[in-house]
Amino acid sequence: MYNQRIQMIFHRLLAPRRSLRLKLVILFLIASLLPLITLGVLSFTKSSELLQDQLGKYGSNAVTQLQYQLDSELSQMELVAEYVHAYLLNPSRIAIHREIPRSYSDLHEQSDLEDFLKALKTVKQRGLFIITKSGYFYGENSIKTTTLKEQAWWKAMPADYAGEYWPGFYTPRHYKEYSEKEKVLGLVVPIRNQQGALKDSRILIEMNADKMYELFHLFEKNTQAMLTIKNSEGQLIYQSAQAYTPQENDVVWSKSLTLNDWTLEARLPYKSFFQSSNIIRSYTGVGLLFSGLLALLLGFLFSSRVTGRIKRLKESMFLAGKGRLQTRIPVQDRDELGVLAHSFNRMIGQIQDLVEEITVTEKLKKEAELRAFHYQINPHLLFNTLNSIQWKARLQGNEDIRKMLYHLAMLLEGNLDITQELVTLRKELEIIDHFLHIQRIRYEHEVNYEQIVDDALMKYVIPRMSLQPLLENIFFHAFEDGCGTIRVSIEEEGEDLVLRLEDNGKGMTEENKQKLLQGTYRSKRGRGLGVNNVDQKFKLHFGPLYGLDIQSVVGQGTVITIRWPKKEEDEHDNQSTH
């Protein structure tokens with residue numbers, strides 16, 4: 001069962017035209033995913049561009065902020081150095097006469113200088129000293145000059161250096177109390193134009209760099225960039241702790257300081273710069289995948305609901321086609337399928353009513369046929385009775401009564417034979433002959449009858465019992481006294497036969513003739529003459545171009561002309577062939 005279901009799904013995938021549900025699911029997916037994919041791509045492209053632009057501006061602004069911060073710190077240190085220089089180069093006095101105090105005035109000079117240095121010191125400064133060439137220093141007694149001169153950055157400073165020397169960031173190991181993690185930013189300025197004890201001395205200003213390091217680390221954390229500070233000779237002043245090899249496709253933000261030759265350079269790897277865009281792309285892809293799965297699920301549920309109703313409609317049609325007309329479809333909604341189901345129910349209801357009506361009609365027809373068959377019994381009974389009376393008349397010697405009963409029985413037998421609607425002229429004329437025999441006996445041979453018919457025409461057919469009503473009219477209306485002449489002639493005219501029935505009776509008016517043809521004429525005895533019925537018989541069998549025509553003159557007689565096509569008797573279906 002499971003394998004069959006898998007094969008059915010695989011077959012529907014190979015032949016999607018056979019599965020309406022698969023078509024609906026595919027259309028639903030296309031209709032839902034196409035705008036989602038378009039909006040997703042546009043959103044990703046625009047958001048990625050905007051994010052990269054913002055990240056680029058943020059990195060550039062952050063480097064600019066670091067530049068401003070460093071310039072501010074350096075500017076403060078430089079300003080302090082200028083204040084010290086201004087104090088020492090005052091031409092009105094000599095700051096220090098002897099390097100090492102030997103008198104009270106020497107101690108007073110040293111104390112004044114150290115008080116001045118102490119007054120310039122701020123909370124950001126780690127130390128402010130004047131270091132003589134011999135290693136004696138002025139300032140707080142917190143450093144060891146022997147250790148200071150052993151520092152690499154101090155040794156790297158040229159002996160004849162005249163300008164500001166920025167050794168960069170370093171650990172102040174020359175302090176009596178320090179930490180290896182402690183960082184300071186140093187500035188060494190040789191004292192200009194100073195003679196005496198301070199000749200070739202240097203001003204040492206050291207600023208606490210912990211706050212600067214916090215800014216560097218915060219910048220590195222926020223931007224994921226590698227930060228380096230170099231001087232014009234390429235020497236590293238600062239470098240991020242994380243090891244990194246520069247790449248050609250790195251995103252680089254660079255700023256130069258205004259107070260010295262340092263350059264700040266922030267380098268962000270290409271992958272990190274586009275990391276946010278990659279995250280947006282990943283989330284966009286996940287969103288599209290989730291949307292696709294959701295659209296697939298909704299499409300399946302939607303198509304199941306629609307195809308389920310169509311399937312019920314198809315099954316109901318199949319059952320109705322099998323004859324189960326009591327089948328009905330539940331109408332759930334008023335949409336197109338609901339209207340279709342309602343129309344189907346109404347159509348099946350109409351068919352069911354029509355079938356029931358036909359069944360009732362057939363039942364009534366069958367009952368009518370049975371009643372007609374029952375009614376035929378009485379004429380047969382009458383026919384048999386007439387035969388019995390005929391034999392009784394023969395036994396009693398009444399020949400006229402016997403002959404009349406005989407011809408009446410023959411005439412009645414011809415009327416009872418309803419198996420053929422079309423009979424040959426020969427048979428129809430024989431029936432007429434029996435009727436005429438009865439009338440001759442009745443009127444004691446006062447009626448003259450003349451028949452002119454070629455024997456070759458006797459094979460053609462004519463509607464049964466067509467002439468007997470016409471002759472009956474002659475005897476009951478034209479010959480009121482029973483005397484007269486009747487003449488019957490049949491001729492060929494092309495493909496038609498023309499019968500003329502003539503009498504020399506009292507004739508009729510034009511008004512009575514029209515009523516006779518229209519079937520509205522009623523005699524004084526209240527009887528219809530049946531001429532219209534004979535005319536309708538010919539028209540029904542041979543078409544509206546055929547039928548009766550009457551020519552009559554009052555007091556001179558009437559001529560009835562009948563025209564119909566030549567046809568021979570057909571033994572199988574009572575139809576004639578020419």
Side-chain angles (χ1 to χ4, degrees), residues 408 411-412 414-418 420-425 427-436 438-439 442-443 447-453 457 460-491 493 496-565 567:
L408 178 60
L411 182 62
L412 185 59
N415 287 330
L416 292 177
D417 186 10
I418 60 174
Q420 291 182 316
E421 283 295 327
L422 297 176
V423 296
T424 61
L425 277 171
K427 187 173 183 179
E428 181 69 8
L429 293 175
E430 288 176 356
I431 294 175
I432 294 303
D433 190 58
H434 289 297
F435 176 77
L436 290 173
I438 295 174
Q439 298 306 325
R442 174 188 175 189
Y443 294 106
V447 177
N448 297 319
Y449 175 72
E450 183 179 1
Q451 178 175 304
I452 305 173
V453 181
L457 304 180
Y460 297 118
V461 295
I462 187 174
R464 186 175 63 85
M465 296 301 295
S466 300
L467 302 181
Q468 187 267 338
L470 301 180
L471 292 171
E472 186 177 355
N473 285 336
I474 293 174
F475 281 100
F476 285 97
H477 301 285
F479 301 157
E480 292 181 351
D481 54 357
C483 298
T485 301
I486 299 174
R487 183 170 181 268
V488 176
S489 63
I490 300 176
E491 299 176 349
E493 289 187 4
D496 296 336
L497 295 175
V498 179
L499 182 145
R500 288 184 177 82
L501 177 61
E502 304 174 25
D503 68 80
N504 57 355
K506 65 179 182 179
M508 67 183 76
T509 62
E510 183 65 23
E511 180 183 3
N512 289 337
K513 185 187 75 174
Q514 295 300 327
K515 291 181 178 179
L516 199 64
L517 289 174
Q518 294 172 1
T520 58
Y521 179 83
R522 291 292 183 270
S523 65
K524 294 179 180 178
R525 300 177 182 178
R527 299 178 54 186
L529 301 179
V531 177
N532 179 261
N533 291 338
V534 175
D535 183 55
Q536 293 299 319
K537 276 187 177 182
F538 279 92
K539 286 181 172 12
L540 288 174
H541 282 289
F542 305 112
L545 298 179
Y546 301 99
L548 273 70
D549 181 58
I550 301 176
Q551 299 294 329
S552 180
V553 178
V554 178
Q556 297 182 9
T558 302
V559 178
I560 297 177
T561 304
I562 303 176
R563 177 183 294 273
W564 76 99
K567 292 181 180 296

Legend entry - Q468 side chain to I431 backbone, donor-acceptor under 3.5 Å: no
Inset, instruction - Quick one: list whatever passes salt bridge (Lys or Arg N to Asp or Glu O under 4.0 Å) with D433, sequence neighbours left out. - result: none
Legend entry - Separation between CG of L429 and NE2 of H434, rounded to the nearest 0.5 Å: 11.5 Å
Inset, instruction - Would you confirm whether D535, through its side chain, and L548, through its main-chain N or O, come within 3.5 Å as a donor-acceptor pair? - result: yes
Inset, instruction - Any chance you could measure Q451, atom CD, to L436, atom CG, to the nearest 0.5 Å? - result: 8.5 Å
Inset, instruction - Give a yes or no on whether the backbone of Q556 and the side-chain of K506 come within a donor-acceptor separation of less than 3.5 Å. - result: no
Inset, instruction - Write down the atom of L497, the atom of L425, and the distance for their closest heavy-atom approach. - result: CD1-CD1, 4.2 Å
Inset, instruction - Would you mind reporting whether I486 and F479 have side-chain heavy atoms less than 4.5 Å apart? - result: yes
Inset, instruction - Could you tell me which residues satisfy salt bridge (Lys or Arg N to Asp or Glu O under 4.0 Å) with E450, sequence neighbours excluded, listed by chain and number? - result: R487
Inset, instruction - State, to 0.1 Å, how close R500 and T561 come at their nearest heavy-atom pair, and which atoms those are. - result: CG-OG1, 4.0 Å
Legend entry - Which atom of K539 lies closest to which atom of G547, heavy atoms considered: NZ-CA, 4.1 Å
Legend entry - Closest heavy-atom pair and its distance - S466, E428: N-OE2, 3.0 Å
Inset, instruction - For the pair K427 and E430, find out whether any cationic side-chain nitrogen is under 4.0 Å from an anionic carboxylate oxygen. - result: no
Legend entry - L499 vs V453 side-chain heavy atoms within contact, under 4.5 Å: no
Inset, instruction - Taking K537 for its side chain and R464 for its backbone only, find out whether a donor-acceptor pair lies under 3.5 Å. - result: yes
Inset, instruction - Take V531 and I550, measure what side-chain contact (heavy atoms from CB on, under 4.5 Å) needs, and give me the verdict at the end. - result: CA-CA 10 Å; V531 177; I550 301 176; 4.1 Å; yes
Inset, instruction - Specify the closest pair of heavy atoms between G507 and S552, including all atoms of both residues, with the distance to one decimal. - result: CA-OG, 3.3 Å
Legend entry - pair L422-K567: side-chain heavy atoms closer than 4.5 Å: no
Inset, instruction - Any chance you could lay out the side-chain contact (heavy atoms from CB on, under 4.5 Å) test for F475 and D503, step after step, and finish with the verdict? - result: CA-CA 10 Å; F475 281 100; D503 68 80; over 6 Å; no
Legend entry - F538 side chain near I462 side chain, heavy-atom distance below 4.5 Å: yes
Legend entry - Step-by-step side-chain contact (heavy atoms from CB on, under 4.5 Å) determination, Y449 to V488: CA-CA 8 Å; Y449 175 72; V488 176; 3.8 Å; yes
Inset, instruction - Test F435 against L467 for side-chain contact (heavy atoms from CB on, under 4.5 Å), laying out the working first. - result: CA-CA 10 Å; F435 176 77; L467 302 181; over 6 Å; no
Legend entry - Residue of the set I432, I562, T558, I474 for which side chain to side chain contact (heavy atoms under 4.5 Å, CB included) holds with L501: I474
Legend entry - Interatomic distance, T424 atom OG1 to Y460 atom OH [nearest 0.5 angstrom]: 12.5 Å
